[in-house]
**Student:** 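This is the structure I have questions about; it appears just below.
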Amino acid sequence: DAGITQSPRHKVTETGTPVTLRCHQTENHRYMYWYRQDPGHGLRLIHYSYGVKDTDKGEVSDGYSVSRSKTEDFLLTLESATSSQTSVYFCAIGPSPYEQYFGPGTRLTVT
Amino acid sequence: KNEVEQSPQNLTAQEGEFITINCSYSVGISALHWLQQHPGGGIVSLFMLSSGKKKHGRLIATINIQEKHSSLHITASHPRDSAVYICAISLAEYGNKLVFGAGTILRVKS
């Protein structure tokens, strides 16, 4: 299994509060991704990174920002959480754009 | 638009049965992935294919590039195979990022 962890694994927060999710890898992979998974929508790409300080938006990036200051960590921030951001968030890593390994997921509930 | 279509959406099988899950796509791809997700669990990458066939234990994945179609087969199915199986494609014009199908929910009864 790829060395990838996510923290926290579960979080409940209130509407309007900022939230940061962390993805940490020990594989030294160049590519890192944040997805959200919702019933009826499958997995959707939020943001991705192709190197330190190199990030780009995915298909559902509104309301989210990311940062990657070192190879091993990719942070996803919800600036002001909304109920529509209640979801399961998955991080993925990969040595190339078309090879990805997924983390265990973070279940976020915004009340 | 849905570039990746999976069938069936739901599948119930008896233990021991041979199972096939299908994935069709409408565009040229650089690779196709099969993923497995157990209830409440993480996502595991089963196969990455760009041509032909791959086998791992009781799982077999095939792809026909000309027909834009892939199948995932499970031989001698077991209740522990119960999971959601997700097909995803890498599109070169999308920076090889993955586009996911909706998933097939498989339940294997003992």
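Proteins get letters first, then strands, A, B, ... in listed order; numbering begins at 1 in each.
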**Student:** Any link between L75(A) and Y31(A) through a network of hydrophobic side chains (Ile, Leu, Val, Met, Phe, Trp, Tyr) touching at under 4.5 Å?
**Tutor:**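 Looking at the clustering, Y31(A) is in a separate group from L75(A).
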**Student:** Between L35(B) and chain A, which part of the residue has a heavy atom less than 4.5 Å away: side chain, backbone, both or neither?
**Tutor:**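 Contact with chain A involves the side chain of L35(B) alone.
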**Student:** Are L106(B) and I60(B) in one and the same hydrophobic cluster, where Ile, Leu, Val, Met, Phe, Trp and Tyr link if side-chain heavy atoms are under 4.5 Å apart?
**Tutor:**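 Shared cluster, no.
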**Student:** Quick check for you: to the nearest 0.5 Å, what is the distance between Q36(B) atom CD and F102(A) atom CZ?
**Tutor:**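 Q36(B) atom CD to F102(A) atom CZ measures 13.0 Å (nearest 0.5 Å).
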**Student:** Does V27(B) share a hydrophobic cluster with L49(B), counting links as ILVMFWY side-chain heavy atoms below 4.5 Å and allowing steps through other members?
**Tutor:**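 Same hydrophobic cluster.
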**Student:** Does any heavy atom of chain B fall under 4.5 Å from the side chain of Q6(A), the backbone, both, or neither of them?
**Tutor:**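 Looking at Q6(A), nothing touches chain B.
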**Student:** Which bit of Y33(A) comes within less than 4.5 Å of chain B, counting heavy atoms only: side chain, backbone, both or neither?
**Tutor:**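 Y33(A) touches chain B through side-chain heavy atoms alone.
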**Student:** For Q14(B), look at atom CD and say whether over 12 heavy atoms of other residues, nucleotides or ligands are found less than 6.0 Å away.
**Tutor:**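 Yes, because the 6.0 Å sphere around CD of Q14(B) holds more than 12 heavy atoms from other groups.
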**Student:** Can Q37(A) and Q37(B) be said to form a side-chain contact (heavy atoms from CB on, under 4.5 Å), step by step?
**Tutor:** CA-CA 12 Å; Q37(A) 185 180 42; Q37(B) 185 175 26; 2.8 Å; yes
**Student:** When you look at CZ of R58(B), are more than 12 heavy atoms from neighbouring residues, nucleotides or ligands closer to it than 6.0 Å?
**Tutor:**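 Count over threshold, so yes.
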**Student:** Measuring heavy-atom distances to chain B, does Y50(A) have an atom under 4.5 Å in its side chain, in its backbone, in both, or in neither?
**Tutor:**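 Neither the backbone nor the side chain of Y50(A) comes within 4.5 Å of chain B.
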**Student:** Transitively linked via ILVMFWY side-chain contacts under 4.5 Å: F18(B) with F47(B)?
**Tutor:**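 No, F18(B) and F47(B) fall in different hydrophobic clusters.
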**Student:** Is Q6(B) close to chain A through its backbone or its side chain, or both, or neither, when contacts mean heavy atoms under 4.5 Å?
**Tutor:**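 Neither; nothing under 4.5 Å.
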**Student:** Would L76(A) end up clustered with V60(A) when hydrophobic side chains under 4.5 Å apart are linked, directly or stepwise?
**Tutor:**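 In one cluster with L76(A): V60(A), yes.
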**Student:** Please round to the nearest 0.5 Å and tell me the distance separating atom CG of L98(B) and atom CZ of R44(A).
**Tutor:**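 The CZ atom of R44(A) is 16.0 Å from CG of L98(B), to the nearest 0.5 Å.
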**Student:** With a 4.5 Å heavy-atom cut-off, do I43(B) and L43(A) have their side chains touching?
**Tutor:**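 Touching, per the 4.5 Å side-chain cut-off.
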